[in-house]
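Everything below concerns the one structure shown next.
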Number of protein chains: 2
Amino acid sequence: MQQSDSPRKRAVTMRDVAKLANVSQSTVSRVLSGADDGIPIGEETRQRVMEAVETLGYYPNLYAGSLRGQKTFMLAMMVADIANPFYHPMVRAVQDAARTHRYDVMIANTDHTREGEMAFVESVIRRPVDGIILVPYHLTEADIDRLLVRTGGAVATLGQHINHPQVDTVYGDDEHAILEAITWLIRERGHRRIGFIGVTGSFSVGARRRGAFLEALRQAGIPIYPELFEIGDWSSESGGHAMNVFLSLPKPPTAVFAINDLMAIGAMEAVQKTGRCVPDDVAVLGFDDIPPATWVRPRLTTIAQHPTEMGRVMANAVFERIFGKYSGPGRRFEVPCRLIVRESV
Amino acid sequence: MQQSDSPRKRAVTMRDVAKLANVSQSTVSRVLSGADDGIPIGEETRQRVMEAVETLGYYPNLYAGSLRGQKTFMLAMMVADIANPFYHPMVRAVQDAARTHRYDVMIANTDHTREGEMAFVESVIRRPVDGIILVPYHLTEADIDRLLVRTGGAVATLGQHINHPQVDTVYGDDEHAILEAITWLIRERGHRRIGFIGVTGSFSVGARRRGAFLEALRQAGIPIYPELFEIGDWSSESGGHAMNVFLSLPKPPTAVFAINDLMAIGAMEAVQKTGRCVPDDVAVLGFDDIPPATWVRPRLTTIAQHPTEMGRVMANAVFERIFGKYSGPGRRFEVPCRLIVRESV
DNA sequence: TTCCTTTATGCAATCGTATGCGGTAATTCG
DNA sequence: CGAATTACCGCATACGATTGCATAAAGGAA
């Protein structure tokens, strides 16, 4: 085959097309945009232009439009950790929606850090996009407002705690689900020493889930043992570490709730590594219901979220605003959670 | 807090900064670019400009530079399936490298389809980027050449089968690893009826791995039983289906090799669902060594690749070309694979 | 003083596309 | 038959930043 030697051939522009079709560049633009701006185009001219486009292999340069402040045909998405299966269906849903509208998606990882999230914000300010989908852990409403003002894009977020008048928000009713699940753990399964693997207080999700957990204990009249609270970083490794601390206690918990499945799985591994048994020695309850939850043995009992649905809702919300189908105040969509009882409890 | 009411405040441009600092827009550009183009800038002027930048909160509009054909500060990455854990470390590695250079990454899923891959190519032609990282399954060298010519970006790919004179390629020595692993399966573990879960012939990776598998059988003098070859689509579900077919055979295989871990895990699940036992009834061998491979029970014996390393190498190769540190012919980097013996065989 | 550097800054073109406005020819109407 | 539409198309500008070239002031040498 013929391979390119020239370092970079100049791109085919509208002007090239115009020259070949013997029309002006504006005419080419009008033919291609299709949008009827009141100026009609002769059928024969249209043909010539389309032919020229075909023979030259013309593709529009999207940067030009972006510069002019038109549509960018680009979405930006910020997630905490692309390696966490929980986010995959969300990313997929967003990308699928994007593809149907011929949009591209820029994805950024934040590693749950504030620096990562701020970097994303600044990146989007430098390169404004039509729609922004966020899974923020640290961003304040002021940050999000800045995003909105500086980029003019439509914004949708995941997270109970986001409450911006112009941002659509999706969230699971995790508090309710946790309250029910822990209560079930206590009443039906008879556990009274329950360990909690959470995250540092800087995550409002973590704080909320911790609150729900505490509330369940309170309602059951179970005292709080500080040694039964450990901190992880959402990863399976950190779940293992936390569990190891629990197991070295003089009186380890009989059940452990981890606020995400990755940590729960790590915790289960740690239990089994000491020769102990799940759920007989220690029961484990997770949160998210990622695919590996059904792969581990025993299968993980967990609280399911619906990330596909969440992604779909966020993408829809954003596109509705992009296409002007909705322009009112920020909407809040609640997606239910539900307990999935398997074998680890 | 103060929330935005204005739909879209006009962005802060260099001209605004220039006005505030009482200099021309070109001067602002020179101060900010920092690059010494032979034209010096007075220290006092520089101060004034930086101050103005600060007070106005100026951020450059990256589209302007992109339009001028300058650097775009953007990488495009194409992967088959963001939900396959195998790709995560690769994506992460690329994104980490990108971040250190202040680059953003656009990610596209292709779902292993040719349409998806073509859509990516066209998307990148419309929006050229500095660097392109591909995990191609269907793209021909002509397609990749077009990418190169039309965008002028640096290209790195994953995959033995890509052989373009200007594209850097990373690949694992999967043939060798498979040959060894299957031989081991035969000699050390005594298996002679080995099932193969592959993919359709349109994937060259699939064909190559199938070839290595056949070669191992040939070397061991084992005949080929057509009923022991099943086709999947890389997903765990498809692995389960394939295994079900095997199990319904009058004489099922005693071992099954799946060309990726996801299918292997699905296959194991299928075995266990029928009450049978892995590895005693059916041994399962996978490929990739994704994290869930150590979470399942029995733990999956598999051939490990090094996706982090692969991503790192590709990102490096691309950035070396972007920054002009390398500009020679396409390089080929081999990353070793190795058998990880666990419990499923 | 005159001429020539050196230093510091501004002007203007450019990238590719969209679009308001003006222009020309053909057609219709009174 | 002259005037008013209508149908069609091109000119020129704008978007925001980079950059070659011109310009202006200051300083040094002759």
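So you know, we letter chains A, B, ... as the sequences are listed, proteins then strands, and number each from 1.
- Salt-bridge formation is detected for the pair Arg331(A)/Asp168(A): a Lys NZ or Arg NE/NH1/NH2 atom is positioned less than 4.0 Å from an Asp or Glu carboxylate oxygen.
- One can place CG of Leu32(A) at 9 Å from P of dT17(C), the figure rounded to the nearest angstrom.
- The CE atom of Met14(A) sits 8 Å away from the C1' atom of dA18(C) (whole-angstrom rounding).
- In this structure, NZ of Lys19(B) is placed 12 Å from P of dG16(D), rounded to the nearest angstrom.
- With sequence neighbours excluded, the residues satisfying side-chain contact (heavy atoms from CB on, under 4.5 Å) with Met50(B) are Val31(B), Leu32(B), Arg46(B).
- Classified by interplanar angle (parallel below 30°, tilted 30° to 60°, perpendicular above 60°), the ring pair Phe319(B)/Phe323(B) is parallel.
- Atom CZ of Arg15(B) is separated from atom P of dA17(D) by 8 Å (rounded to the nearest Å).
- Between the side chains of His112(B) and Asp81(B), not a single donor N or O lies within less than 3.5 Å of an accepting N or O.
- At whole-Å resolution of the value, CD in Gln70(B) and C1' in dG16(C) are 14 Å apart.
- Between the axis at the start and the axis at the end of the helix from dT1(C)-dA30(D) to dG30(C)-dC1(D) there is an angle of 70°, using five pairs per end and rounding to 10 degrees.
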Contact letters for nucleotides 8-14 of chain D, in which S counts primed atoms plus P, OP1 and OP2 and B counts the base, heavy atoms under 4.0 Å: BBBBB-B
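- Remark: Tyr63(A) is not in phosphate contact with dA18(C), judged by side-chain N or O atoms under 4.0 Å from OP1 or OP2.
- For dA18(C), one of the phosphate oxygens OP1 or OP2 lies less than 4.0 angstrom from a side-chain nitrogen or oxygen of Ser29(A).
- A donor-acceptor contact under 3.5 angstrom links the side chains of Glu43(B) and Gln47(B), judged on distance only.
- A straight line from OH of Tyr58(A) to C1' of dG16(C) spans 7 Å, rounded to a whole angstrom.
- Rounded to whole Å, atom P of dA17(D) lies 14 Å from atom OH of Tyr59(B).
- Ring geometry, Tyr137(B) versus Phe203(B): the interplanar angle exceeds 60°, so the pair is classed perpendicular (tilted spans 30 to 60°).
- Distance NZ (Lys71(B)) to C1' (dA17(D)): 15 Å, rounded to an integer number of Å.
- Taking a cutoff of 4.0 Å between a charged side-chain nitrogen and a carboxylate oxygen, Asp143(A) and Arg114(A) qualify as a salt bridge.
- Thr113(A) and Thr110(A) share no side-chain donor-acceptor pair at under 3.5 Å.
- Remark: the backbone N or O of Gly153(A) is not paired with any side-chain donor or acceptor of Asp130(A) at under 3.5 angstrom.
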